[in-house]
Amino acid sequence: MSDRYAIDSHKLIYHPQRVAQFLDAGDDWEKIKNIYPLYVEISPVGACNHRCTFCAVDYIGYKPARLSLEAIERTLAEMGQQGVKSVMFAGEGEPMLHTEIDSMVVAAAAAGIDTAMTTNASVLSDAFVERALPLMSWIKASVNAGTAETYARIHQTKEREFDHVVRNLKRMVEVRRNGGYPCVLGAQILLLPENAAEVATLARICRDEIGLDYLVVKPYSQHAFSTTRLYQHLGYQDYAELRSQLEVLNTERFSVVYRENTMKKHDDGNALRYSRCLATPAFWAYIMSTGAVYGCSAYLLDPRFDYGNINESSFRDIWEGELRRKNFHYVRKELDIQECRLNCRMDEVNRYLDRLVKQDVQHVNFI
């Protein structure tokens, strides 16, 4: 299937200078501390208007914390100066619930940072459409069914929300077309027993009714801290034929990205995994709605991965500080990745870095 955005892989290979800096640093903290993340995920708010049955961060509690615009503007400007390349507004809450999310996107763009968002798309303000949409690289909507009835059951919301989401996505597509904006607009569905029969239906809605660029079909991954355990034993061997059913829906302007590689890794478990995490704390970071900066989104609220708070310190002081130093040594020497979430966001990056560090392929100079 067409995956022109490398969603089922990784894009660290396009940043050879940063990778070379990382390889040169080795286990030297004085060198590692100056390697800033390429990508940062930011949670503008902790609250969410849905209660999805699969929610990985339900353990945080959907608290109504929110980042102040002043703090995030200051932090984004500093991150841009330090070489951060991209931010994604998502997190433990629904980012569109922040009334100043449009201004945050503007601030990121002003800092020279590529900006994206994952959202349930049930809320859409005029200010966001007018000010933020023209500046964004991509927006991906989480739409986990092809009918209003199943959508309401999985998202644990009203059936009418499904129509709201479709309408909001159509509006963004229309505004993008009329304005000639480059923002890529897509959707994703987490493949579950409840919605497997509706994936093709959703793909047709995305392609024919809304006019999106793609639909991602991805597997579930059990979070170690999640309250929900409904899908922890879910496997994907029985869905192999779905790929061919969806492939026929691809066109020149629309693609279904069936994450077959990620599904296979999910079912394989830890069988072919690397032995340690190399991506943390070098290539990415997460900022919670409270302002806390974490080195890994799979360990939110875990003090071992908490580096500081942007409401109290500059991003530079946090990133080069003592808490990150301790976490660096902990991840390198003590972290048991058997405790980590399967198919975490940095999984493909880690597989790539593991091969570079080990260099266990013979005759590498014969390129």
Side-chain angles (χ1 to χ4, degrees), residues 15 18 21 32-47 57 60 63-119 127-128 131-133 135-139 279-328 345-346:
H15 300 276
R18 198 74 60 98
Q21 185 184 7
I32 285 287
K33 77 175 184 179
N34 296 314
I35 301 176
Y36 276 74
L38 287 163
Y39 160 80
V40 178
E41 186 170 330
I42 299 175
S43 179
V45 294
V57 291
I60 297 176
K63 298 175 182 178
R66 65 189 300 274
L67 289 171
S68 73
L69 180 59
E70 178 184 6
I72 202 62
E73 285 180 334
R74 169 175 45 80
T75 301
L76 286 167
E78 189 178 4
M79 290 188 338
Q81 293 170 358
Q82 297 294 341
V84 172
K85 299 293 186 183
S86 68
V87 296
M88 180 178 73
F89 292 106
E92 68 266 22
E94 167 50 48
M96 289 288 200
L97 293 179
H98 199 296
T99 56
E100 295 174 303
I101 185 63
D102 57 297
S103 295
M104 292 183 177
V105 172
V106 171
I113 298 173
D114 295 343
T115 310
M117 177 182 292
T118 299
T119 170
F128 182 86
R131 302 184 67 221
L133 180 63
L135 301 174
M136 301 191 72
S137 296
W138 57 264
I139 298 171
T280 305
F283 291 102
W284 75 314
Y286 184 105
I287 301 177
M288 291 188 71
S289 55
T290 60
V293 178
Y294 281 79
C296 176
S297 66
Y299 288 95
L300 301 181
L301 301 187
D302 187 328
R304 296 173 300 177
F305 290 82
D306 185 345
Y307 301 161
N309 195 297
I310 63 170
N311 294 310
E312 302 166 0
S313 307
S314 70
F315 190 79
R316 179 175 181 176
D317 286 345
I318 292 169
W319 198 250
E320 298 182 18
E322 177 64 11
L323 293 176
R324 180 169 170 258
R325 184 192 70 80
K326 288 182 177 180
N327 181 252
F328 165 68
R345 194 177 296 277
M346 290 293 115

Is the backbone N or O of [Y] less than 3.5 Å from a side-chain atom of [X], with the two atoms forming a donor-acceptor pair by type?
| X | Y | answer |
| --- | --- | --- |
| Tyr294 | Leu301 | yes |
| Trp319 | Ile35 | yes |
| Thr115 | Ile113 | yes |
| His98 | Leu67 | yes |
| Arg324 | Pro281 | yes |
| Gln82 | Arg316 | no |
| Arg345 | Trp284 | no |
| Arg74 | Ile310 | yes |

Apply side-chain hydrogen bond (donor to acceptor under 3.5 Å, both in side chains) to Glu320 and Tyr307, showing your working.
CA-CA 9 Å; Glu320 298 182 18; Tyr307 301 161; over 6 Å; no
Should the heavy atoms of other residues, nucleotides or ligands under 6.0 Å from NZ of Lys33 be counted, would the total exceed 12?
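Result for NZ/Lys33: enclosed.
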Using a cut-off of 6.0 Å, state whether more than 12 heavy atoms not belonging to Glu70 lie near its atom CD.
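At most 12 heavy atoms, drawn from other residues, nucleotides or ligands, come within 6.0 Å of this atom.
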Atom pair [atom1]/[atom2] of [X] and [Y] - distance to nearest 0.5 Å:
| X | Y | atom1 | atom2 | answer |
| --- | --- | --- | --- | --- |
| Glu78 | Asp317 | CD | CG | 7.5 Å |
| Ile42 | Met117 | CD1 | CE | 10.5 Å |
| Met88 | Tyr39 | CE | OH | 3.0 Å |
| Ser289 | Leu97 | OG | CG | 11.5 Å |

Nearest heavy atoms of [X] and [Y], plus distance in Å:
| X | Y | result |
| --- | --- | --- |
| Ala90 | Pro44 | O-CD, 3.7 Å |
| Gly91 | Glu41 | N-OE2, 3.5 Å |
| Leu76 | Ala108 | CD1-N, 3.7 Å |
| Pro37 | Val40 | CG-CG2, 3.8 Å |
| Thr99 | Asp102 | O-OD1, 3.6 Å |
| Met136 | Ala116 | CE-C, 3.5 Å |

Modelled atom types, side-chain donor and acceptor of Glu92 and Tyr286, under 3.5 Å
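The answer is yes; a qualifying pair exists.
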Verify the distance criterion only: is there a donor paired with an acceptor across the side chains of Ser103 and Arg131 at less than 3.5 Å?
yes
Show your reasoning for whether side chain to side chain contact (heavy atoms under 4.5 Å, CB included) applies to Met104 and Val87.
CA-CA 11 Å; Met104 292 183 177; Val87 296; over 6 Å; no
Decide yes or no for [X] and [Y]: does some side-chain heavy atom of the first lie under 4.5 Å from some side-chain heavy atom of the second?
| X | Y | answer |
| --- | --- | --- |
| Thr280 | Asn327 | yes |
| Leu323 | Val293 | no |
| Phe89 | Ile287 | no |

Under 4.0 Å between a side-chain nitrogen and a carboxylate oxygen: does that hold for Arg66 and Glu100?
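Here Arg66 pairs with Glu100 in a salt bridge, since their nearest N and O are under 4.0 Å apart.
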Pair Phe128, Thr119 - check side chain to side chain contact (heavy atoms under 4.5 Å, CB included), show working.
CA-CA 13 Å; Phe128 182 86; Thr119 170; over 6 Å; no
Please step through side chain to side chain contact (heavy atoms under 4.5 Å, CB included) for the pair Val45 and Ile101, ending with a clear verdict.
CA-CA 10 Å; Val45 294; Ile101 185 63; over 6 Å; no
